[in-house]
Protein chains: 2
Amino acid sequence: MIDEVFQALAHPHRRQIIDFVHQTPGCSSGEIAALFESSRIAVAKHIKILEKAQLLLIEKSGRTKQHYFNIMPIQTVYDRWTDQYSQFFSAPLNSFKNYV
Amino acid sequence: MIDEVFQALAHPHRRQIIDFVHQTPGCSSGEIAALFESSRIAVAKHIKILEKAQLLLIEKSGRTKQHYFNIMPIQTVYDRWTDQYSQFFSAPLNSFKNYV
DNA sequence: ATCATATGTAACTAATAGGTTTCATAAAGG
DNA sequence: CCTTTATGAAACCTATTAGTTACATATGAT
């Protein structure tokens, strides 16, 4: 599962899609496809990969589908990594601590 | 550059290499290769990809090379993403704030 | 009912990634 | 000097990924 997330994030178009859906919640696949030069089908495949990684949640609405961003998988990855590499992340946390 | 990092993190072996180097600073490419069933050359290619993404720093020492993990690129990615998705990350930050 | 619109599926092609074998280089030790 | 050990590079094969075109389905509007 963590592998699906890293895999999904590996393609720049897919990260762009995430960004767009994040700032345009409920958008359709057509709107997403319009962002790119490549074909609608190519974009649809990217969307499917993001959906499998649970980075996008999709809800059917009539003949379109509404797309929503889901931070959860990224949060999971982040938590696991910061736990493992806490020694590195402790520095910024401390400065934040001081700020608080 | 951010693309190279995501790309580098996409392969499970490369993430394993990062983990190993992180807990075995200064290790050689031979030691890293010994972790995997696949050939030394295949692993060397993974190491090169990690080096290009600056996730590994390499120092020559006699006839071996010492490998070190570099959190910086991940930190950069993390900073950019948390900035962009701050609304999601604010929740845990707030709970941390309360804790502090 | 008909037609346009939104999306999905299948089959195929091209590009990239991951791996192998083989040969080369270069440092350390007897 | 010669051998062993550590690593690098080139050529090649295979698997996977990314993209295309063509066809299918289903909803909404006229």
Side-chain angles (χ1 to χ4, degrees), chain A residues 1-21 24-70 73 77, chain B residues 1-21 24-70 73 77:
Chain A
M1 181 254 162
I2 206 167
D3 202 57
E4 277 178 328
V5 177
F6 276 113
Q7 198 65 36
L9 294 174
H11 196 290
H13 283 189
R14 290 196 287 266
R15 294 196 302 275
Q16 268 183 263
I17 292 173
I18 288 180
D19 291 344
F20 178 74
V21 173
T24 319
C27 61
S28 70
S29 71
E31 292 175 80
I32 297 170
L35 298 174
F36 302 96
E37 304 254 305
S38 56
S39 75
R40 178 183 64 83
I41 313 294
V43 177
K45 287 187 182 178
H46 285 309
I47 293 176
K48 184 166 278 182
I49 289 168
L50 288 167
E51 190 188 3
K52 274 192 184 153
Q54 291 183 273
L55 285 161
L56 292 187
L57 302 176
I58 302 182
E59 209 170 308
K60 203 177 177 184
S61 161
R63 64 175 158 176
T64 72
K65 285 191 166 178
Q66 297 178 321
H67 295 72
Y68 299 95
F69 172 61
N70 179 25
V77 167
Chain B
M1 181 252 163
I2 207 166
D3 201 58
E4 278 178 326
V5 177
F6 276 112
Q7 199 65 38
L9 293 174
H11 197 290
H13 282 189
R14 290 197 286 266
R15 294 196 301 276
Q16 267 184 264
I17 291 173
I18 288 179
D19 291 343
F20 178 73
V21 173
T24 319
C27 61
S28 69
S29 71
E31 291 176 80
I32 297 171
L35 297 174
F36 303 96
E37 304 254 305
S38 54
S39 75
R40 178 183 64 82
I41 313 292
V43 177
K45 287 186 182 179
H46 285 309
I47 292 175
K48 183 168 282 184
I49 290 169
L50 289 167
E51 189 189 2
K52 275 191 183 153
Q54 292 183 272
L55 286 161
L56 291 187
L57 302 176
I58 301 182
E59 209 169 307
K60 203 176 175 184
S61 161
R63 66 176 158 175
T64 73
K65 286 191 167 180
Q66 297 178 321
H67 296 72
Y68 298 95
F69 171 62
N70 179 25
V77 166

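Letters go in sequence order (proteins before strands), and every chain restarts at 1. Atom set for the values below is all heavy atoms of this structure, side chains included, hydrogens, waters and symmetry mates excluded.
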message = Measuring from atom NE2 of A:His11 to atom NZ of A:Lys45, what distance do you get when rounded to the nearest 0.5 angstrom?
response =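 Reported value, rounded in 0.5 Å steps: 12.0 Å.
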key: Atom pair OG/CG of A:Ser29 and A:Leu56 - distance to nearest 0.5 Å   =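 Going from OG on A:Ser29 over to CG on A:Leu56, the span is 11.0 Å.
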request  = Please name the pair of heavy atoms, one in B:Val21 and one in B:His67, separated by the smallest distance, quoted to 0.1 Å.
outcome  =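 Closest heavy-atom pair between B:Val21 and B:His67: CG1-O, 3.5 Å.
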key: Closest non-hydrogen atom pair, B:Phe20 against B:Cys27   =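 It is CE2-SG, 3.7 Å.
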Taking only side-chain N and O atoms of [X], does any of them lie within less than 4.0 angstrom of OP1 or OP2 on [N]?
{"X": "A:Ser28", "N": "C:dA6", "result": "no"}
{"X": "B:His46", "N": "C:dA17", "result": "no"}
{"X": "B:Thr64", "N": "D:dA6", "result": "no"}

Contact list for DNA chain D against residues 3-20 of chain B - heavy-atom distance below 4.0 Å =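 Per residue number, the list is empty: none.
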Interface polar pairs with nucleotides 26-30 of chain C, N/O, under 3.5 angstrom:
none

ask   = So, does B:Ser28 use its side chain to make a donor-acceptor pair with the main chain of B:Glu31 at under 3.5 Å?
value =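 The answer is yes, because a donor-acceptor pair under 3.5 Å joins these two groups.
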Measure from [atom1] on [X] to [atom2] on [N] and round the result to the nearest Å.
{"X": "A:Phe36", "N": "D:dT20", "atom1": "CZ", "atom2": "C1'", "value": "17 Å"}
{"X": "A:Leu56", "N": "C:dT7", "atom1": "CG", "atom2": "P", "value": "14 Å"}
{"X": "B:Ile49", "N": "C:dA17", "atom1": "CD1", "atom2": "P", "value": "8 Å"}
{"X": "A:Glu37", "N": "D:dT20", "atom1": "CD", "atom2": "C1'", "value": "15 Å"}
{"X": "B:Lys52", "N": "D:dG8", "atom1": "NZ", "atom2": "C1'", "value": "13 Å"}

Table of protein N/O atoms under 3.5 Å from nucleotides 8-12 of chain C N/O atoms:
from  : atom 1 : to      : atom 2 : distance (Å)
C:dG8 : OP1    : A:Lys65 : NZ     : 2.9
C:dG8 : N7     : A:Arg40 : NH1    : 3.2
C:dG8 : O6     : A:Arg40 : NH2    : 2.9
C:dT9 : OP2    : A:Lys48 : NZ     : 3.0

query = Picking from B:Ile49, B:Val77, B:Leu55, B:Leu50, what satisfies side chain to side chain contact (heavy atoms under 4.5 Å, CB included) with B:Leu9?
reply =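 Only match with B:Leu9 under side chain to side chain contact (heavy atoms under 4.5 Å, CB included): B:Leu55.
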request  = Return the orientation label for the B:His46 and B:His13 ring planes: parallel under 30°, perpendicular over 60°, tilted otherwise.
outcome  =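 It falls in the perpendicular class, over 60°.
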inquiry  = Is any side-chain heavy atom of B:Pro73 closer than 4.5 Å to one of B:Met1?
reply    =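 Yes, side chains in contact.
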